[in-house]
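Beneath this line is the structure, given in structure tokens, with notes to follow.
A note on names: the letters A, B, ... follow the listed sequences, proteins ahead of strands, and every chain is numbered from 1. Values in this document were obtained by computation on a predicted structure and should not be read as measured data.
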2 protein chains.
Amino acid sequence: LLQVKDLQKIYMTGENSVAALDGISLSIDEGEYVAIMGPSGSGKSTLMNMLGCLDRPTSGQYILSGEDVSQKSDDELAEIRNKYIGFIFQGFNLLPKLTALENVALPLVYRGVPAKQRLARAQEALQSVGLGNRMHHLPAELSGGQQQRAAIARVLASDPPLVLGDEPTGNLDSRSGSEVMDIFQKLNNEGITIILVTHDQQIASQTKRIIRFRDGMMQSDEKVVS
Amino acid sequence: LLQVKDLQKIYMTGENSVAALDGISLSIDEGEYVAIMGPSGSGKSTLMNMLGCLDRPTSGQYILSGEDVSQKSDDELAEIRNKYIGFIFQGFNLLPKLTALENVALPLVYRGVPAKQRLARAQEALQSVGLGNRMHHLPAELSGGQQQRAAIARVLASDPPLVLGDEPTGNLDSRSGSEVMDIFQKLNNEGITIILVTHDQQIASQTKRIIRFRDGMMQSDEKVVS
Ligand SMILES: Nc1ncnc2c1ncn2[C@@H]1O[C@H](COP(=O)(O)OP(=O)(O)OP(=O)(O)O)[C@@H](O)[C@H]1O
Ligand SMILES: Nc1ncnc2c1ncn2[C@@H]1O[C@H](COP(=O)(O)OP(=O)(O)OP(=O)(O)O)[C@@H](O)[C@H]1O
Ligand SMILES: [Mg+2]
Ligand SMILES: [Mg+2]
């Protein structure tokens, strides 16, 4: 499904350069369930931004469904994101002036799904993460873990073939966390490709493959033996 | 040091009311090291906002160092916060237009600490959490865990007698997380009172007392037997 070759991302701050990604090569097939782990600052979110077509590398290649992403215009990238990729951000990134329900329905607006269907799918997604009684709250009226679950519901409602989750259980108690992992497992059983960044070895062991990062480079890449 | 009696916080959203805190009573002595755990949405951050003088209860009492906080004006609360309380927020709450160094030095500005000393203390605090080479980055130029560590450094630089940490290790790998816990242990050994909200049983077991919440009420309150 996707392949990156010698991916580099170098940030310039003033005179200094930071190599957030320092030559990453990997490939992930359709239907895989992958965890990405590594120390704080090792480049995990930066890689997720590349894979999610939210940012471009400084050098190297990203091939998604056989097409070279670096050749795409910004508009084409936006269309790929809206149609094929669901992103759960490390900072949730909910729109502060929209309710949970409106936030969750928003990707479906971009896809032209009719209003009645959007509302039904958004409600169902929120109920599946236990937020059925928080639908009309603004993000500021939700707890940290509720905001995180709303961000997860937003991806569920749009049902994309590729799900990218950046620390999707970081603000959840163990029970809410395992409910979310049950949802991911169910999606993967249906053939959806899932890539999760996590600091939690327990969460990573529930996926099928663990890639470890260090200083912008891959340190290891192993199948999970359950 | 602090005592709350029958604390209630009721939010109104439209016609519905949410009892985020539904009658909390507890007392914490100087020098204690307490963990607060509980399901997502159970009221932990709401309690922390009360204890940190960032918000007022709907009813009930909060007595801090022998004084009834509910009798204080907003200006007096701000002064208490600036002088005595260090807060690590669940969402970090760094100011986006200030560098890590400026963010960490800011509480010292409010306290009238001279510029040279402020810079020295802020630099030292950032180095102690491993951000010595990220001081001049803006929050958007930091990873999630680096932002969290900058928020921790901000509290360390101002060295307050009461530290409130809302999920301070939620975005950290296990090694960065244990470095942060070493810092908290060192502070507590010096007599600083520390209250941490955490979803991580491993983190909670490193404190001396665990209070568990459920639906805005206290479910249990136990000493940690190591
Ligand atoms: N401004 C608000 N208006 C309405 N409801 C609110 C508001 N702020 C918080 N709540 C509700 O109060 C409850 C407690 O929220 P709180 O943030 O204290 O939970 P928490 O225990 O910190 O959860 P988490 O572990 O997810 O961070 C939640 O159910 C939340 O939806
Ligand atoms: N805009 C930027 N400008 C400069 N440096 C940046 C920028 N964005 C990220 N970085 C740096 O790139 C490195 C990798 O960041 P990234 O967010 O990918 O880390 P991460 O592995 O997700 O960390 P965490 O586990 O803390 O979330 C970090 O050291 C960070 O300081
Ligand atoms: Mg990250
Ligand atoms: Mg909270």
query: Taking every heavy-atom pair that is under 4.5 Å apart, which of A:Lys44, A:Gln147, A:Arg149, A:Gln201 has the most such pairs with chain B?
result: A:Arg149
- line: Only residue of A:Val197, A:Val180, A:Thr169 satisfying side chain to side chain contact (heavy atoms under 4.5 Å, CB included) with A:Ile203 is A:Thr169
- request: Quick one: which of A:Thr46, A:Val18, A:Asn16, A:Leu142 has the most heavy-atom pairs under 4.5 Å with chain B, could you say?
  value: A:Val18
task: Flag the one option from B:Pro39, B:Ser176, B:Ser45, B:Gly170 with the top tally of heavy-atom pairs under 4.5 Å to chain A.
output: B:Pro39
query: Does a side-chain N-to-carboxylate-O contact under 4.0 Å join A:Asp173 and B:Arg212?
result: no
message: Quick check for you: among A:Gln146, A:His137, A:Glu141, which has the greatest number of heavy-atom pairs under 4.5 Å with chain B?
response: A:His137
query: Is it the backbone or the side chain of B:Glu167 that comes under 4.5 Å from a heavy atom of chain A, or both, or neither?
result: side chain
field: Per-residue contact mode, B:Ser40 against chain A (heavy atom under 4.5 angstrom)
entry: both
message: I'd like to know if A:Asp221 pairs up with A:Arg209 as an ion pair, taking the criterion as any Lys NZ or Arg NE/NH1/NH2 lying under 4.0 Å from an Asp or Glu carboxylate oxygen.
response: yes
query: For atom CD of B:Gln202, is the number of surrounding heavy atoms from other residues, nucleotides or ligands below 6.0 Å larger than 12?
result: no
message: Within this structure, what is the CG-CG distance for the pair A:Leu54 and A:Leu77, rounded to the nearest 0.5 Å?
response: 9.0 Å
